[in-house]
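Quick notes on the structure that follows.
Nothing here was measured: the structure is a model prediction, and the numbers come from that model.
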Amino acid sequence: MVERPYVLLSCGMSIDGYLDSATEQRLLLSNDADFDRVDAVRAASDAIMVGAGTIRQDNPRLLVRSAARRDDRVARGLRPNPVKVTITGRGDLDPSGRFFAGDADKLVYCASPALDVARERLGALATVIDGGDPVDLRRMLADLHGRGVHRLMVEGGERMHTQFLTAGLVDELHLVVAPFFVGDSRAPRFVGDGVFPWGPDRRATLAEVRQIGDVALLRYAMSDRFPA
């Protein structure tokens, strides 16, 4: 069995399962207390991963916000921020995006046909790695493990959630439910269609339910790697 990082998938969604609205304005699904919880999860991770679509749509920084948590990482001999990771099929990411800023290492796993384009565009800002054609998640995870990433936090969106979950590559799921509906089928959902390892005959294990202000955190154990 190929060694891979422990994978924690973190997601916020509306009551009806949407990640965002269909408008250009970003939909905030959480509150300050939960954003701080997510920051702690980030600080405890070796790497944070989002898809290329999330980078284009949300322009995320993917950095630890708390100075105290950054200082604690440094005291433990780590960089202040976890490694930033993404995958792309076309290599058409904007090098001026906030993903490529900051002192954290950046890894871009690119589909083989677009590798030269991606290295020309992003090679000065990130390490661009051949991920296969299409990008193979297991190959990518094995490479991350070889680079010292033992705990990977995946922050979506829909396509990435679906790929990781249908492949059975998630060990722990943090699902935050916001107290409102989106009600627009044009908006992205938590996951798309697929054949998932968990269904009516194999139910995921609900490990924790926690109220955080006006949102609910559902924490699921998705593999036997989940700590007892």
Side-chain angles (χ1 to χ4, degrees), residues 1-12 19 35 37-55 58 60-65 69-70 72-73 76-89 93 98-100 102-111 126-132 134-176 190-191 196-198 204 207 217-227:
M1 181 177 178
V2 175
E3 290 187 291
R4 66 167 178 83
Y6 184 90
V7 175
L8 186 154
L9 194 155
S10 175
C11 175
L19 300 176
F35 285 136
R37 178 195 64 82
V38 171
D39 194 60
V41 176
R42 283 184 176 181
S45 302
D46 297 313
I48 306 169
M49 182 175 185
V50 295
T54 298
I55 292 176
D58 297 340
R61 296 173 67 238
L62 299 184
L63 301 176
V64 175
R65 297 182 180 186
R69 291 184 182 121
R70 293 195 302 271
D72 178 69
R73 286 178 57 88
R76 291 186 285 123
L78 303 173
R79 299 283 292 275
N81 292 286
V83 176
K84 296 193 275 190
V85 183
T86 191
I87 60 175
T88 175
L93 292 169
R98 295 194 296 180
F99 176 91
F100 298 103
D103 61 357
D105 292 334
K106 298 97 182 171
L107 302 177
V108 177
Y109 289 88
C110 182
T127 301
V128 180
I129 303 154
D130 187 349
V135 175
D136 184 322
L137 293 184
R138 286 182 172 83
R139 172 174 167 174
M140 179 202 71
L141 289 174
D143 185 79
L144 284 171
H145 190 274
R147 295 173 186 270
V149 174
H150 300 293
R151 187 176 180 87
L152 174 67
M153 182 181 185
V154 177
E155 294 197 38
E158 178 181 337
R159 184 177 180 184
M160 181 165 290
H161 294 163
T162 305
Q163 289 176 329
F164 268 90
L165 287 164
T166 55
L169 294 173
V170 176
D171 301 299
E172 183 172 343
L173 171 62
H174 291 186
L175 192 61
V176 169
F190 165 44
V191 293
F196 296 86
W198 309 274
L217 167 65
L218 308 178
R219 185 167 170 247
Y220 291 92
M222 308 299 279
S223 83
D224 58 9
R225 302 177 79 194
F226 184 88

message: As a quick check of understanding, evaluate side-chain contact (heavy atoms from CB on, under 4.5 Å) for Trp198 and Leu173, giving each step before the final call.
response: CA-CA 12 Å; Trp198 309 274; Leu173 171 62; over 6 Å; no

Measure the [atom1]-[atom2] distance between [X] and [Y] for me, rounded to the nearest 0.5 Å.
X      : Y      : atom1 : atom2 : value
Leu62  : Ile55  : CG    : CD1   : 7.0 Å
Leu152 : Phe164 : CG    : CZ    : 6.0 Å
Leu141 : Glu3   : CG    : CD    : 12.5 Å
Tyr109 : Thr86  : OH    : OG1   : 11.5 Å

Report yes if some heavy atom in the side chain of [X] is under 4.5 Å from a heavy atom in the side chain of [Y]; otherwise report no.
X      : Y      : result
Leu8   : Ser45  : no
Val170 : Tyr220 : no
Asp105 : Thr127 : no
Glu155 : Thr54  : no
Pro82  : Val64  : yes
Met160 : Ile87  : yes
Val176 : Arg37  : yes
Val83  : Arg147 : no

message: So for atom CZ, which belongs to Arg61, do other residues, nucleotides or ligands contribute more than 12 heavy atoms lying within a distance under 6.0 Å?
response: no

Other residues, nucleotides, ligands: >12 heavy atoms within 6.0 Å of Arg98 CZ: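 More than 12 within 6.0 Å, yes.
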
Using every non-hydrogen atom in the two residues, find where [X] and [Y] come nearest and quote the distance to one decimal.
X      : Y      : value
Asp103 : Pro80  : OD2-CG, 3.8 Å
Leu169 : Val7   : O-CB, 3.2 Å
Arg73  : Arg42  : NH1-O, 4.4 Å
Ala111 : Gly89  : CB-O, 3.6 Å
Phe190 : His161 : O-ND1, 2.9 Å
Gly132 : Asp130 : N-OD1, 3.0 Å

- request: Give a yes or no on whether a salt bridge exists between Arg139 and Asp143, defined as a side-chain N under 4.0 angstrom from a carboxylate O.
  value: no

message: Check this for me: does any side-chain nitrogen of one of Arg4 and Asp171 sit under 4.0 Å from a carboxylate oxygen of the other?
response: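 Result for this pair is yes, salt bridge flagged.
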
For the side chain of [X] and the backbone of [Y], is there at least one donor-acceptor N/O pair under 3.5 Å apart?
X     : Y      : answer
Thr88 : Cys110 : no
Arg70 : Arg65  : yes
Asp46 : Arg151 : yes

- prompt: Considering the options Met49, His150, His145, which one meets the side chain to side chain contact (heavy atoms under 4.5 Å, CB included) requirement together with Pro5?
  reply: His145

task: Examine Lys84 relative to Phe99 and say whether NZ or CZ is less than 6.0 Å from the centre of the six-membered ring and inside a 45° cone about the ring axis.
output: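 Geometry flag: set, cation within 6.0 Å and 45°.
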
